[in-house]
Amino acid sequence: MKIVIAEKPSVARELAKVFGATTKKDGYIEGKGYSFTWAFGHLLQLVPPQDYGYIGWRRQHLPMLPAKFKLGIRKIKTKDGMVEDPGVRKQLNIIKMLFEDATEIIVATDAGREGELIFRYIYYFLKCKKPFKRLWISSQTDAAIKEGFRNLKPGTEYDSLFNSAHCRSESDWLVGMNATQALSISAGSRVVLSLGRVQTPTLAMICSRFLEIKDFVPQTFYQLAIQVDKEGQLFRAMSIHNFIKKEEAEADFSKIKDLESGFSNGGKIVSVEAKPRKEPPPLLHDLSSLQQEANKKKGFTADQTLNILQGLYESKLVTYPRTGSRYIGDDVFATVPSLIEKLKEHQDFGKQAEFLTTVALNKRSVNAKKVTDHHAILPTGESAYQLSGNNKAIYDMVAGRMLEAFHQECVKEISKITVESGSLFVANGTVVRAAGWRSVFNDKDEEKKDEENPSLPKVKVGEELPIVKKALLEKQTKPKSLYNEASLLKALETSGKDIEDEELRYAMKDSGLGTPATRAAIIETLINREYVIREKRNLVPTTKGLAVYDVVKDKKIAQAELTGQWEKRLEEIRSGASVADFKAEIAEYTRTITSELLLAGVGMLK
């Protein structure tokens, strides 16, 4: 009997259906020479400190550095305390029985780091020695599943993936357990003050931004504005300089030769520029970019978007959701025309899909070298016409982005007119000559500034025009905005660095905080621990969160860039880097942060 183990029951049922297995048993489905069983997420976890003999929270135990980590059955909270989950124990016994009878074990947990960890922990906990094969697919369509089963890989090909996942799991235990106990002991607090390897620098980013805004002192400055008339077409121009002193602004203001001052043609054109600018289409979505768009457009939390996307994936409508890649290879690109063809009947995108079937597709998102475990998120081509509400909104973001990514460039004409009237003024204008990819969502240019004109009239250097109106504007500098989920996810990708260029950001993705698959959970953890709350769409630290930040802000555990480097090291382990070196370094890091927190002296947290 071939035993297939999936990550959860719903996926096992879909796999069984593809193979025609219909006999339902307790904990598995059987038929056609296969048994399909499942986990339900993480059945096993690294055991808590007391299982290594660290009883109670004591300063002398720290740092806790187990020589060998142990696995234990997931526990649940009851009136009698934390006890083994009986449902987990039962399912593990069923899996053990199936593994013992197996002629072949096929791993069908999610094709990624966490999916590999879920299976391997079960495999090693049950002391199974049988070889296993790996199903690695990026789509749950029947065709993709059948193709995946025809091309099963030896399980050993994914040893480095497991090593990376296992190192991540152990490092999170070491940092989280030691830092949490050290801070709580140092604070003398009866409340557990939880810290984590990725959670704490993320909290630090949120708190730092909040305090920066709170302490921000606005600075007043002045600008001059004029309205110029070219044969009835009015356009606005702003002074090229900002003025700190009002007196200086007033002095230049008085020099403006407008109609009220008795000048019929008081504005002289000193330069005219008109340059075309081509905007390439955006890259395809990975999980993080989709979460950002969903938060901006719909206000969805990162966790909401992930859950909706996972549901669409299991319904065979989109490809693997937890991807960190925004590219596809040439093999997948070959299927894109047929995917576009199937969108010709889409209510909103039909016209653009029709157009794309008549032109050469843009290949900016096609680069096999930049595809990691999974390619960018795409629709699968399966019918999605029954979708509604939030499911439809997320699906349309995926489908619409595919059309954008393979569309033509948006061509704009950027105009700039410099006018002299006592001092120099500049008018900027933007005209879209060919909407290209922006026509998919009929996208308006969100970056257009208030001072810009939609279009500027044709003028010549040396021409003198009337100024019909002038104004002295008093303005104030503004602080950065509070983090919302979209801007925080963007910042986590680059460990807090402000990098706008899409491809530069992508180059940094292995040095970000967390991974696309884990960032939603990090945000939810901070909220569940009452360090952060949602206020409208913003993420705002609580008094408790700020108190913790005040203690850790200068400590290594709060350094985003350092934590980003650990994430990079975990990625390198997937490529064969030394596990022993990583473990030695994380142990030394644990010693350092534990010592720092024990010496913090944070009685203010009581």
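Keep in mind that this is a model prediction, so the values were computed, not measured.
- Salt bridge status for Arg574 with Glu157: absent, with no side-chain N to carboxylate O gap under 4.0 Å.
- Under a cut-off of 6.0 angstrom, the local environment of CD in Glu345 is sparse, with at most 12 non-hydrogen atoms contributed by other residues, nucleotides or ligands.
- Within a 6.0 Å sphere centred on NZ of Lys230, heavy atoms belonging to other residues, nucleotides or ligands number more than 12.
- For CD of Glu561, the number of neighbouring non-hydrogen atoms (other residues, nucleotides, ligands) closer than 6.0 Å is 12 at most.
- The pair Lys146-Asp142 does not meet the salt-bridge criterion, since no charged nitrogen lies less than 4.0 angstrom from a carboxylate oxygen.
- Checking side-chain atoms of Thr200 against main-chain N and O of Arg197 turns up no donor-acceptor pair under 3.5 Å.
- The side-chain heavy atoms of Thr518 and Val198, taken from C-beta on, include no pair separated by under 4.5 Å.
- Here the closest heavy-atom approach between residue Ala294 and residue Thr305 is recorded as CB-OG1, 3.3 Å.
- A donor-acceptor pair under 3.5 Å is formed between the side chain of Asp286 and the backbone N or O of Ser288.
- Taking the six-membered ring for Trp and the full ring otherwise, Trp437 and Phe406 have centroids separated by 6.0 Å or more.
- A salt bridge does not link Lys342 to Glu354: none of the charged side-chain nitrogens sits closer than 4.0 Å to a carboxylate oxygen.
- Classification of Glu279 and Arg438 as a salt-bridged pair holds, one side-chain N sitting under 4.0 Å from a carboxylate O.
- Other residues, nucleotides and ligands place no more than 12 heavy atoms under 6.0 Å from the NZ atom of Lys556.
- No side-chain donor-acceptor contact under 3.5 Å links Thr335 to the backbone of Asp331.
- By the 4.5 Å heavy-atom criterion applied to side chains, Phe425 and Ile417 are not counted as neighbours.
- Applying the salt bridge (charged side-chain N to carboxylate O under 4.0 Å, His left out) test to Lys8 and every residue at least two apart in sequence or in another chain returns Glu314.
- With respect to Lys316 and Glu382, no salt bridge is recorded, no charged nitrogen being found less than 4.0 Å from a carboxylate O.
- Taking the six-membered ring where the residue is Trp, Phe132 and Phe119 present perpendicular rings, their angle passing 60° and hence far from 30°.
- Checked for salt-bridge contact, Glu14 and Lys17 meet the test: a charged N lies under 4.0 Å from a carboxylate O.
- Side-chain atoms of Ser239 come within 3.5 Å of backbone atoms of His241 as a donor-acceptor pair (strictly under, hydrogens ignored).
- Checking Asp159, Val107, Asn163 one by one against Arg120, the side chain to side chain contact (heavy atoms under 4.5 Å, CB included) holds for a single residue, Asp159.
- One N or O on the side chain of Arg537 and one on the backbone of Asn295 form a donor-acceptor pair closer than 3.5 Å.
- Between Phe36 and Phe19, the ring-plane angle classifies as tilted under the 30° and 60° cut-offs.
- The structure places CE of Met402 at 5.0 Å from CD1 of Ile340, a figure rounded to the nearest 0.5 Å.
- Using a 4.0 Å cut-off between a side-chain N of Lys or Arg and a carboxylate O of Asp or Glu, Arg322 and Asp373 do not qualify as a salt bridge.
- Closest of all the heavy-atom pairs between Ala405 and Pro281 is O-CG, 3.6 Å.
- A donor-acceptor pair is defined here as one N or O able to donate and one able to accept, closer than 3.5 Å; no such pair exists between the side chain of Ser439 and the backbone of Asn442.
- A cation-pi contact, defined as under 6.0 Å to the ring centre and within 45° of the axis, links Arg209 to Tyr483.
- The minimum heavy-atom distance between Val332 and His375, with the atom names listed, is CG2-CD2, 3.6 Å.
- Side-chain atoms of Arg519 come within 3.5 Å of backbone atoms of Leu513 as a donor-acceptor pair (strictly under, hydrogens ignored).
- Using a 4.0 Å cut-off between a side-chain N of Lys or Arg and a carboxylate O of Asp or Glu, Lys490 and Glu493 do not qualify as a salt bridge.
- Residues Leu403 and Leu356 share a closest heavy-atom pair of O-CD1, 3.5 Å.
- Using a cut-off of 4.0 Å between Lys/Arg side-chain N and Asp/Glu carboxylate O, Lys583 and Glu170 are scored as salt-bridged.
- Under a 4.0 Å N-O distance rule, the pair Glu293/Lys298 does not qualify as a salt bridge.
- Ring planes of Tyr121 and Phe162: perpendicular class, angle over 60° (limits at 30 and 60°).
- By the 4.5 Å heavy-atom criterion applied to side chains, Ile573 and Ser160 are not counted as neighbours.
- For Arg364 and Glu404, the salt-bridge test fails: no basic side-chain N is under 4.0 Å from an acidic carboxylate O.
- Side-chain atoms of Arg401 and Pro282, non-hydrogen and from C-beta on, do get closer than 4.5 Å to each other.
- At a threshold of 4.5 Å between non-hydrogen side-chain atoms, the residues Glu585 and Arg569 count as touching.
- The minimum heavy-atom distance linking Thr319 with Thr380 is given by the pair N-CG2, 3.9 Å.
- When every heavy atom of Leu539 is checked against every heavy atom of Val532, the shortest pair comes out as CB-CG1, 4.0 Å.
- Atom CD of Gln476 sits in a crowded spot, with more than 12 heavy atoms from other residues, nucleotides or ligands closer than 6.0 Å.
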